[in-house]
Amino acid sequence: MTTPVLMNTITSSDGSKEEKEMSFVLPSDYWKDDAVLSLAPRPLEGSGVTLKRLKGSERAVIMFGGYTSKKLTDQQSKMLLRELEKDGKWQVVDGESVSLAQYNDPFTPPWKRLNEVSIEVRPKQ
C-alpha cells in the first residue's frame, strides 16, 4: 500500500467560505519530533506548501474502491456519520470534519483503487 493523499474541506468560522486542503504523509523517519521534521525537504518559497506535525488520533473509517467523486465521497461520509450516531462506544470529536484518503496514483484501474473516509472519534462518556 502506498502513502495516502488526504483531502479536507475547511469551513470558515462564519460558514461563508470553504477551502480545500491537500496533505501528503511524509515517511516515518520524519515523525519522531519537530527537530527531525526540520530535516525534511523544504517546500519552495511562495508555493503555499507548509510542513506541519499532526497529532495522532483515533479515527472511524469506511473503505471503498473505485474512482472517487464528490457525490461518492459525500455518500460514504454520510454513511460513516450515520453509523457513528448508532454506535454505543464512539462519538465524533467536536469540530472535526470527514477526511478523504486516496491511496493510488491516477493510472491505477478502478477495481484496484483504495479510498477511505475517516473522522476523529473519542470514547463516549
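Residues forming a salt bridge (charged side-chain N to carboxylate O under 4.0 Å, His left out) with Lys52 (at least two apart in sequence, or on another chain): Glu21. In this structure Ser47 satisfies the side chain to side chain contact (heavy atoms under 4.5 Å, CB included) test together with Pro43, Leu44, Val49, sequence neighbours excluded. Residues meeting the salt bridge (charged side-chain N to carboxylate O under 4.0 Å, His left out) test with Lys55, sequence neighbours left out: Glu120. Listed by chain and residue number, nothing satisfies the side chain to side chain contact (heavy atoms under 4.5 Å, CB included) test with Asp29 (two or more places apart in sequence, or in another chain). Thr9 meets the side-chain hydrogen bond (donor to acceptor under 3.5 Å, both in side chains) test with Lys20; sequence neighbours excluded. With sequence neighbours left out, the salt bridge (charged side-chain N to carboxylate O under 4.0 Å, His left out) criterion links Arg122 to no other residue. For Pro41, the side chain to side chain contact (heavy atoms under 4.5 Å, CB included) partners two or more places apart in sequence, or in a different chain, are Tyr30.
Two residues are said to be in side-chain contact when any heavy atoms from C-beta on lie closer than 4.5 Å; Arg59 and Ser99 meet this criterion.
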Trace of the side-chain contact (heavy atoms from CB on, under 4.5 Å) decision for Leu51 with Arg42: CA-CA 8 Å; Leu51 295 178; Arg42 307 307 309 160; 3.5 Å; yes

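Counting only residues at least two apart or in different chains, side chain to side chain donor-acceptor pair (under 3.5 Å) contacts with residues 79-88 comprise Glu83-Lys86. For residues 60-71, the pairs satisfying side chain to side chain donor-acceptor pair (under 3.5 Å) are Thr68-Thr73, Lys70-Asp74, with sequence neighbours left out.
Through chains of ILVMFWY side-chain contacts below 4.5 Å, Leu80 is grouped with Val5, Met7, Met22, Phe24, Ile62, Phe64, Leu72, Met79, Leu81, Leu84, Trp90, Val92, Val98, Leu100, Val117, Ile119, Val121.
Within 6.0 Å of atom NZ in Lys112, 12 or fewer heavy atoms from other residues, nucleotides or ligands are found, so the atom counts as exposed in its surroundings.
The structure places CD of Gln76 at 11.5 Å from CD of Glu116, a figure rounded to the nearest 0.5 Å.
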